[in-house]
Every structure is written in structure tokens, then in C-alpha cells.
Amino acid sequence: MAHNYYPPQIGNWWLGDNLGSGFSGSIFRATNLHTGQVVALKIQRLNAECPTNSYERHFYPALQGGLGMPTLWADGTYGKWDYLAIDLLGPSLDSLFRRSGKAVMDLRSVCCIGMQVINRLEFMHSRGVLHRDIQLGNCVVGLPPNDKIIYMIDFGFSKFYIDPATKRHIPDSKVKRDFIGNYWFTSVGVHCRGRVPSRRDDLEAVALMLIHLLTPGGLSWTRNGVPRTDAAHDRLMREKRDTRPEDLCCGLPAEFEEFLRYCRRLKFAECPDYSRWIEEFKALLEYKGQPTSSLFIWPPPDPQPIVQAPPARRSQPVDPAKVEGILNGLVNDMANVHLGERQVLGDRSEVANRVRVTNANAPAAPTGYADDVIVISSDDENAPGKAPAAVRLPKAMHLAKLAQAVPDATDNVALARVVLEFIQVLQENRSRTLTKEGFAVLDALYKQMADPSVYVQPLRTSRPRNSAADGVEEGPEPRHVKTNKLWTLRRNAAAAKSNKALAQLVAEFGTVINRSSGRTVTKDAFGFLDALSGRLRSLG
Ligand SMILES: Nc1ncnc2c1ncn2[C@@H]1O[C@H](COP(=O)(O)OP(=O)(O)OP(=O)(O)O)[C@@H](O)[C@H]1O
């Protein structure tokens, strides 16, 4: 039944249950008095402070016919009411998730949401429309038989980003403006820096929404509820702006961090690569052995493995000075590491000389601890029978240590072990981006395999993009080019006849990763590294 405040009938529509209320109006289930058609009737007073209906109705014609776009059946005014009659749809993702009572959503459902919502945005953007208010409450499922399809609703903040007169993209502006959107998911650029929203910001909101669903307790800035004062809003913006993607996505599959970083790297008028990210989420499901269909099946059919994010870093009080001290100590220790006597692959007299100098100054290396563990011990802890406190090496440290260890790998079996450890470090880490420490390992491997006896010019596989030696501008290569190249490298590695040939492949591998968007070590990249390690072992 309609609320007392509202009339029982508006135009040809008889009002039924209230489906939801927004800032400026309400939505009712409504039945057409003549045809019996049931719709969702979005009604607002004509003198509403924020008359979004009169604005929203302009976007429906552009969006009609797209999958997941509600149909506008009728609209108009009736007395002091403005109404839109749109497809009656099901519950929002927000209410589905809240009702589930779960701390996090299962990975499969989140990937399906990602794939569908990105697809909806691709359609909206292809029609020249920005949504500008992406949030869980504005993504609803259809009614059966369309209950596995996600629909976008609420175009009250939408905007045409292609100027109808000039057919050009709306201009950017340096002038800081009030933000449009929502506190939780609106991009950092728009919300915290007052930038003009464009396609990239719709996509960033999707990334934040997905990360929110996978994080116990949600994104940290959502946990205190809607800010009620300017000071609380400022605090929220600061937290949103300052939280780094790697902290936000701590413990989540790397795709989420990469997606967020990708959105934040997009230029103002750049067209996002929608299909790439739909494919990435599909590939993630495949990798996890899950069905790859994007249909949103709710509740999830089987108990799904839940992605557990470790507690947010900020909740663990850590004394930064102490950590810095420990890391500095480690760097010094690594500089003095005992390299020991080694076999050589060739004439490496110059290398050996340097090793002798280092050894003369080096203290005895601690022994008996796992490679990836740093031992921090007091005198007391060194007492027999007392277990030392251990800290896991961060990725950068581990890779730096690995790069330093490469010259010690004086035969192919040892080199194969280094490659395996390289794979392990990369796979254990939440981010699959190849950092400069990772490139340093590749450089060291190249040198060791090409000719360890001479100091070759460092390979520098990680040279900055757009600075090709021949002066030709080199942008990131499309994903399919990367995949093809990695496949060829993998095949060639399996057939390589010498270390020199393998070294060349390592150099090419570094270049391929360096030129790829996000410098990501994908499954195909791991395939090459696997083949490299296997071939080193068989060359003996
Ligand atoms: N077509 C629909 N079918 C069923 N329920 C709907 C439909 N459209 C909206 N709703 C429900 O009504 C709620 C409010 O809808 P909507 O966001 O369009 O209104 P709004 O007034 O613009 O809200 P807000 O001020 O929060 O942006 C939605 O979260 C949803 O639960």
C-alpha cells in the first residue's frame, strides 16, 4: 500500500508497495489501471529541492535496448508530482549483501559483479553517458527470469560526456569543484581532488566496490558511517586519498589491485579497455577453478572459498622508526653477506677478485634459518633452545636478496633453483607487478647466463617506457601481443640449446613485461619462467 503521504494514484498508475526511497523521492511498485502492467514508479514532488527525475528522464532514450538497462515505459507530471515508470526490478546488491549477513562476498560473485558492471558501463559510455554514481545500491538484479542479470539504475547524477553539438569529449578543468557521487565509491580524483568526472572515474568506482565486497568490514573509510560534519568528511577524504592500492587490496587476488591502479592511470578522456578487465576477472575465475560465466547467481550455489584479507595494516600498531631501523640493518647485512667459495661457469677472475675483497670484510653469515626469514635476536634469544623471533622478508627485500644471490649460482641446477625461487616470491605476493627489484633479478640472470666472466653492460630490462633508444615512442603493448610473445618465449626456452640462448630469451622476457600495461607477471609469464627453470635443469 502507498504511504499516507503519497496519493493512491498517479496518472494511470495505482501505487502499491514502497520499494525504496532516495534523497528526493520514492519508488513504488505500481500497476497500470488499463493494462495491468506492473512497473516501478519513481515519484518526486515538482518542487523537490533536487528534482532528479526531470534530469534522469533524458538519459533513458539513449540507453534503451542495452542489456541491464531498465526500460522507461512512461513519464510525466500529475498534479504536483513528477513520475517515471520504469521496469520493475529486484533487490539491489547492497541489500542482497547486507541480508546475507556475511563479512565478505565470495570471490565468484564479486568477479561476476565486476564483469557485468564493467559491461554495463561499456554500453553506457558507448552511448555517451557517464553514470557518476556507481554504488551497490544502484546495481540491482532483475526479477526472474532475469534475476542473474545486473541492471544499472538511478541516472540522477548521469551526464553526457560527448558534447552533442561538437561531438567532442567534455573538457577537463583544473578548477576544483564540489564532488558528485557517493562517499564510499566515488573515485579519489573526483571526491578528494575535485576533478571533473569521466569514464575512468566510473570504472574506479567499480574497482572500489569490488574491493569493498572482498574486505571484511568493507573499505576502511566506510566503517564510521556517513560523515555528519565537514570535519568527518575531511577525515574520510584524507583516508580515501592516502590509502595505497597495495594496502587496500592486501590479501586479495592481484587482479583487484591492478584494476584499481589501471583506472587511476587512465587519462581524463581515455577510453578504458573494458574487455581486458572482463577477461581478467574471467581468467581469475578460471584460475581458481570456478565457472567462468558472468551470470550473477545469488545466493552462491555452493559454499565458496572466501578470500580472507589479513587485518588492515593500520590496525596493527607498528613503530615506523623501529621498522626502518630493522630494514636499514638488513640492507647493511646484505651488503656484507658471505658469498663463500664458488665454482665458476667460465673465466670469472674479476668477479672472484671482488668476492675475495668482500669476504675479507664480511662477518660470518648466520646459518640454520629459512631463506625467507630474517632473524632478529637479542643476546638472550641466542641462548640454546630459545626460538628466535622471525619476520618474513618483504617482496622487495626478498627479490633484492635473490638478485644478489644470482652470481653464486655457478651451475645450471643452481640457476634453475634461483628461477624457481623467483617464481615463488612473485606468486606468494599479493601484487603481480614486476617491480624494479624483480627486473634486477632478470638482469642478474641474464648476465649470469650470457657470460658470468665479464662485467657486461647492465641489461636494464626495466628502462622507462617511451624512451626507446632509437627515439621511437613505445607505448604499452596490447594484451594479446604480450600473450603471443610469452608463448613464443616459452616454446623457445624449452628448445634452447645453450645458456646464451636462454639469456637472450630472459632479455626479451624483461622487455615484454616492461612494455605491457601494468607490468604484470601473468600466467603465461609464469609459464615462461617455469620453462626456463626446466630447461636450465635439463641442460645441466
Ligand atoms: N526499477 C526498480 N525496481 C525495483 N526497485 C527499485 C527500482 N529502482 C529503484 N529501486 C529501489 O529503490 C531504491 C532507490 O532508488 P533510486 O536510487 O533510483 O532512487 P533515488 O531517489 O535516486 O535514490 P538516491 O537518492 O539514493 O540516489 C533503490 O536502491 C532500489 O532498492
Side-chain angles (χ1 to χ4, degrees), residues 1-3 5-6 10 13-32 37-60 63-64 66-75 81-100 113 117 120 124 129-159 178-186 190-191 197 202 205 209 212-213 222 225-227 296 298:
M1 280 297 290
H3 192 281
Y5 179 76
Y6 296 98
I10 286 187
W13 305 94
W14 187 256
L15 269 55
D17 298 333
N18 184 283
L19 298 169
S21 293
F23 181 67
S24 2
S26 280
I27 312 249
F28 290 90
R29 178 196 299 272
T31 311
N32 188 296
Q37 183 190 12
V38 178
V39 295
L41 202 72
K42 189 163 179 175
I43 59 179
Q44 279 175 1
R45 284 178 178 275
L46 284 173
N47 63 355
E49 193 187 330
C50 190
T52 48
N53 270 10
S54 60
Y55 189 64
E56 192 171 353
R57 58 167 45 88
H58 298 299
F59 298 100
Y60 281 98
L63 301 175
Q64 294 308 278
L67 180 66
M69 297 295 136
T71 301
L72 177 70
W73 294 101
D75 70 310
W81 300 98
D82 186 323
Y83 67 89
L84 303 175
I86 54 183
D87 275 337
L88 179 66
L89 300 165
S92 70
L93 296 182
D94 187 45
S95 69
L96 287 178
F97 182 46
R98 275 170 200 271
R99 272 190 250 151
S100 79
I113 294 172
V117 179
R120 303 303 173 262
M124 290 185 69
V129 180
L130 300 174
H131 189 285
R132 304 206 302 178
D133 191 16
I134 294 295
Q135 53 172 303
L136 293 169
N138 286 340
C139 301
V140 303
V141 293
L143 289 176
N146 296 320
D147 50 344
K148 297 173 187 61
I149 307 284
I150 296 174
Y151 290 74
M152 304 310 300
I153 59 164
D154 194 358
F155 307 115
F157 284 171
S158 292
K159 182 179 169 88
D178 285 345
F179 99 95
I180 193 156
N182 58 81
Y183 293 119
W184 302 159
F185 306 120
T186 294
V190 170
H191 188 179
D202 272 352
M209 205 167 79
H212 175 78
L213 290 171
T222 66
V226 174
F296 179 70
W298 192 264

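In listed order, ligands and their atoms are each counted from 1. All values reported here derive from a predicted model rather than from experimental measurement.
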Check your understanding: What is the minimum heavy-atom distance between Arg29 and Leu88, and which atoms define it?
Key ->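 Nearest pair, atom of Arg29 first, then Leu88: NH1-CD2, 3.4 Å.
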**Study point:** Shortest non-hydrogen contact between Ile134 and Met152, atoms and distance
**Key:**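 Distance-wise, the nearest heavy atoms are CD1-CE, 3.5 Å.
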Check your understanding: Given Ile153, Asp87, Thr71, which has its nearest heavy atom closest to atom 1 (N) of ligand 1?
Key ->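 Answer by nearest heavy atom: Asp87.
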Review point. Do Tyr60 and Leu84 come close enough that some side-chain heavy atom pair is under 4.5 Å?
Key: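 Tyr60 vs Leu84: side chains touch.
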Practice item. Could you check if a side-chain atom of Lys42 sits within less than 4.5 angstrom of a side-chain atom of Asp154, using non-hydrogen atoms only? Key: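 Of all side-chain heavy-atom pairs linking Asp154 with Lys42, at least one is under 4.5 Å.
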Closer than 4.0 Å to some heavy atom of [X] - which atoms of ligand 1 meet that?
X	value
Ile86	1 (N)
Asn138	17 (O)
Lys42	16 (P), 18 (O), 19 (O), 20 (P), 21 (O), 22 (O)
Ala40	1 (N), 2 (C), 3 (N)
Gly20	12 (O)

Point to revise | Crowding at CZ, Arg45 (>12 non-hydrogen neighbours, <6.0 Å) | key: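 It does: Arg45 CZ has more than 12 such atoms within range.
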Review point. Taking the inter-plane angle between the rings of Tyr183 and His191 on a 0 to 90° scale, is it parallel (under 30°), tilted (30 to 60°) or perpendicular (over 60°)?
Key: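 Ring orientation of Tyr183 relative to His191: tilted.
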Practice item. Measure up the Phe28 and Tyr6 rings against each other and bin them: parallel (under 30°), tilted (30 to 60°), perpendicular (over 60°). Key: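 Ring orientation, 0 to 90° scale: perpendicular.
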Exercise for review: Would you check, one step at a time, whether the test side-chain contact (heavy atoms from CB on, under 4.5 Å) holds for Met124 with Asp202?
Suggested key: CA-CA 10 Å; Met124 290 185 69; Asp202 272 352; 6.0 Å; no
Considering only the protein, which heavy-atom contact is closest to [atom], and what is its distance?
atom	value
atom 17 (O) of ligand 1	Asp154 OD2, 3.1 Å
atom 26 (O) of ligand 1	Gly22 CA, 3.9 Å
atom 14 (C) of ligand 1	Ile27 CG1, 4.2 Å
atom 29 (O) of ligand 1	Gly137 O, 3.3 Å
atom 25 (O) of ligand 1	Phe23 N, 2.7 Å
atom 3 (N) of ligand 1	Leu89 N, 2.9 Å
atom 11 (C) of ligand 1	Leu19 O, 4.0 Å

Practice item. Would you please determine whether Pro70 falls within less than 4.0 Å of ligand 1 on a heavy-atom basis? Key: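 It does not, in that no heavy atom of Pro70 comes within the 4.0 Å cut-off of ligand 1.
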**Study point:** Contact (N/O only, under 3.5 Å) between Ser24 and ligand 1
**Key:**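 No.
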Practice item. Look only at interatomic distance and state if Gly90 has a nitrogen or oxygen under 3.5 Å from any nitrogen or oxygen of ligand 1. Key: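 In this structure, Gly90 places no N or O atom under 3.5 Å from an N or O of ligand 1.
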Review point. Passes side-chain contact (heavy atoms from CB on, under 4.5 Å), Arg57 versus Asp82? Steps please.
Key: CA-CA 11 Å; Arg57 58 167 45 88; Asp82 186 323; 2.8 Å; yes
Exercise for review: List the steps and the verdict of side-chain contact (heavy atoms from CB on, under 4.5 Å) for Cys139 and Met209.
Suggested key: CA-CA 11 Å; Cys139 301; Met209 205 167 79; 4.0 Å; yes
